[in-house]
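Just below is one structure, and these are the notes that go with it.
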Amino acid sequence: MSTFKAVVVEKGDGGQTVALRDFEDKDLMDGDVTVRVTHSTVNYKDGLALTGKAPVVRRFPMIPGIDFAGVVEASSHPEFKPGDEVILNGWGIGETHLGAYAEKARVKGDWLVPLPAGLTAAQAMAIGTAGYTAMLAVIALERHGLRPENGPAVVTGAAGGVGSVAIALLAKAGWSVIASTGRPQEADYLKGLGAAEIIDRKELSEPARPLAKERWAAGVDSVGSHTLANLLSMTKYRGAIAACGLAGGMDLPSFVAPFILRGVSLLGIDSVMAPKALRLEAWSRLARDLDRAKLAAMASTIGLDEVVATGRAILEGKVRGRVVVEIA
Ligand SMILES: NC(=O)c1ccc[n+]([C@@H]2O[C@H](COP(=O)([O-])OP(=O)(O)OC[C@H]3O[C@@H](n4cnc5c(N)ncnc54)[C@H](OP(=O)(O)O)[C@@H]3O)[C@@H](O)[C@H]2O)c1
């Protein structure tokens with residue numbers, strides 16, 4: 001019997017349980033590529049899966065973890081051979097397909113992208129799904145035609161994973177970045193990533209008015225709810241907000257006024273099912289544009305045995321930046 005170590009979520013009469021244990025190779029799901037997972041990460045959605053606070057896990061037992069980097073062990077997929085370094089974000093791993101918090105994963109080769117030149121596996125997971133999503137948001141704003149000369153860019157959930165990477169990417173592209181955070185003690189950290197101005201997230205968390213003073217041309221929002229509504233009401237004429245998260249709530253108590261009176265756009269960002277060409281573009285941009293010193297400043301490293309506690313901490317807003325899970 002061949003086994004490997006994995007974090008496993010199970011469902012019993014008393015609800016969801018999670019433990020680090022041995023998992024049998026024969027219980028892996030179908031896939032044409034087997035990967036030795038070397039690194040993963042803890043995203044907000046992983047916190048939801050690990051704690052059961054939202055129905056992220058759709059099959060039991062489940063190995064949670066929505067993204068990994070690793071080395072191909074076996075493959076019948078034409079694009080991948082043993083020894084290739086690969087990364088995977090989303091596509092339902094850790095939700096419907098056995099995921100990343102394990103020494104081994106078997107997945108569809110179509111879900112994999114090659115580790116971009118210039119990034120190590122650890123750096124790729126320091127970026128993780130949060131950072132890749134931040135890149136998708138920046139690409140969406142650029143495709144909308146927005147440029148730094150149009151005005152500042154606002155980033156909410158600034159000290160979190162998506163927020164930290166978004167600040168670094170926008171600052172590098174020349175934007176003046178306004179960072180909204182509930183952690184004023186992280187002001188130096190956020191300025192180090194490239195934020196020009198820090199605002200208290202309370203300014204954006206009360207119910208929004210239909211329109212308010214125009215403050216930014218663009219935004220990356222991880223928070224949703226009243227925060228997103230306020231962002232929209234304060235967006236300049238023909239600006240846009242890229243919405244990617246719900247850390248503050250799933251609702252959007254907003255008005256049509258920003259859309260019909262200021263031509264503001266709300267750009268939806270999904271990383272899970274994003275097409276491969278867009279993933280390749282995002283990863284190649286990350287490898288090119290993300291400052292490695294800033295990436296190192298936002299990342300900390302844990303082992304598989306610390307994943308469950310970190311999942312709880314991220315939901316409590318206690319994790320700064322990005323957490324790499326070192327597996328190999
Ligand atoms: N669309 C997609 O494909 C996609 C992909 C990745 C992530 N996401 C979503 O994006 C969001 C951020 O993910 P992440 O991994 O970056 O999580 P994270 O590291 O926990 O960052 C979220 C940040 O939001 C702020 N926040 C937390 N609770 C809040 C509240 N109640 N009200 C206002 N602000 C709050 C905190 O920032 P401050 O302490 O600085 O205020 C926190 O650090 C999550 O909702 C996640 O599910 C979506």
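Predicted model only: the values in this text are computed from it and were never measured. Every number for a ligand or one of its atoms is a count from 1 in the order of the listing.
From the protein, the heavy atom lying nearest to atom 1 (N) of ligand 1 is Ile269 O, 2.8 Å. Regarding atom 16 (O) of ligand 1, its nearest protein heavy-atom neighbour is Val162 N, 2.7 Å. Protein heavy atom closest to atom 34 (N) of ligand 1, with residue, atom name and distance, is Arg201 NH1, 3.2 Å. In this structure, atom 13 (O) of ligand 1 lies nearest to the protein heavy atom Tyr44 CB, 3.6 Å. In this structure, the protein non-hydrogen atom closest to atom 6 (C) of ligand 1 is Thr133 OG1, 3.4 Å. Counting only heavy atoms of the protein, atom 27 (C) of ligand 1 lies nearest to Ala247 CB, 3.8 Å. If you check which protein heavy atom lies closest to atom 21 (O) of ligand 1, you get Gly160 CA, 3.3 Å.
Remark: the backbone N or O of Asn89 is paired with a side-chain donor or acceptor of Arg279 at under 3.5 angstrom. Judged by distance alone, the side chain of Glu214 and the main-chain N or O of Met234 form no donor-acceptor pair under 3.5 Å. No side-chain donor-acceptor contact under 3.5 Å links Ser233 to the backbone of Pro210. Without hydrogens or angle criteria, Arg262 side chain to Phe259 main chain gives no donor-acceptor distance under 3.5 Å.
A tilted orientation is assigned to the rings of Phe4 and Phe23, their planes being inclined by 30° to 60°.
Within ligand 1, the atoms closer than 4.0 Å to a non-hydrogen atom of Ala159 are 40 (O), numbered from 1 in the order shown. Every atom of ligand 1 is numbered from 1 in the order shown, and the set under 4.0 Å from a heavy atom of Gly248 is 30 (C), 31 (N), 32 (N). Applying the 4.0 Å criterion to heavy atoms of Thr181 picks out, from ligand 1, the atoms 38 (P), 39 (O), 40 (O), 41 (O). Residue Gly161 has at least one heavy-atom neighbour below 4.0 Å for each of these atoms of ligand 1: 16 (O), 18 (P), 19 (O), 21 (O). Counting atoms of ligand 1 from 1 in the listed order, those under 4.0 Å from a heavy atom of Ile314 are 19 (O), 20 (O). Residue Ser271 approaches ligand 1 through these ligand atoms, each under 4.0 Å from one of its heavy atoms: 2 (C), 3 (O), 5 (C). Residue-ligand proximity, Gly157 to ligand 1, at heavy-atom distances under 4.0 Å covers atoms 23 (C), 24 (O), 25 (C), 37 (O), 40 (O). Shown in contact with Ala158 at under 4.0 Å from a heavy atom are these atoms of ligand 1, numbered in order with element: 40 (O).
Salt bridge present: Lys104 and Asp25 bring a charged side-chain N and a carboxylate O closer than 4.0 Å.
Taking every heavy atom of both residues into account, Ile66 and Ala100 meet most closely at N-CB, 4.5 Å. Of all non-hydrogen atoms in Asp67 and Ser40, the two that sit nearest each other are O-OG, 2.6 Å.
Phe255 and Val223 are not part of a single hydrophobic cluster, where members link through side-chain heavy atoms under 4.5 Å apart. No single ILVMFWY cluster, assembled from side-chain heavy atoms under 4.5 Å apart, contains both Leu204 and Ile167.
For ligand 1, the polar-atom distance check finds no N/O of Thr129 at less than 3.5 Å from any of the ligand's N/O atoms. Below 3.5 Å of separation, one finds no N or O of Gly317 facing any N or O of ligand 1. Residue-to-ligand polar distances place Cys244 within reach of ligand 1: an N/O pair is separated by less than 3.5 Å. For Arg183, a nitrogen or oxygen atom sits less than 3.5 Å from a nitrogen or oxygen atom of ligand 1, counting backbone and side chain alike.
Taking the side-chain contact (heavy atoms from CB on, under 4.5 Å) definition, one finds that Leu146 meets it with Leu141, His144, Asn150, Trp175, Ala218, Ala240, sequence neighbours left out.
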Check step by step if salt bridge (Lys or Arg N to Asp or Glu O under 4.0 Å) holds for Glu95 and Lys45.
CA-CA 10 Å; Glu95 302 184 54; Lys45 194 191 233 176; 2.9 Å; yes
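With Ala274, Gly245, Ser222 as candidates, the residue nearest to atom 12 (C) of ligand 1 on a non-hydrogen basis is Ser222.
Contact annotation for Leu246 and ligand 1: heavy atoms of both the backbone and the side chain come within less than 4.0 Å of the ligand.
Annotation: cation-pi geometry satisfied between Arg320 and Tyr189 (NZ/CZ under 6.0 angstrom from ring centroid, within 45° of ring axis).
Proximity of Thr227 to ligand 1 is not established, as no heavy-atom distance is less than 4.0 Å.
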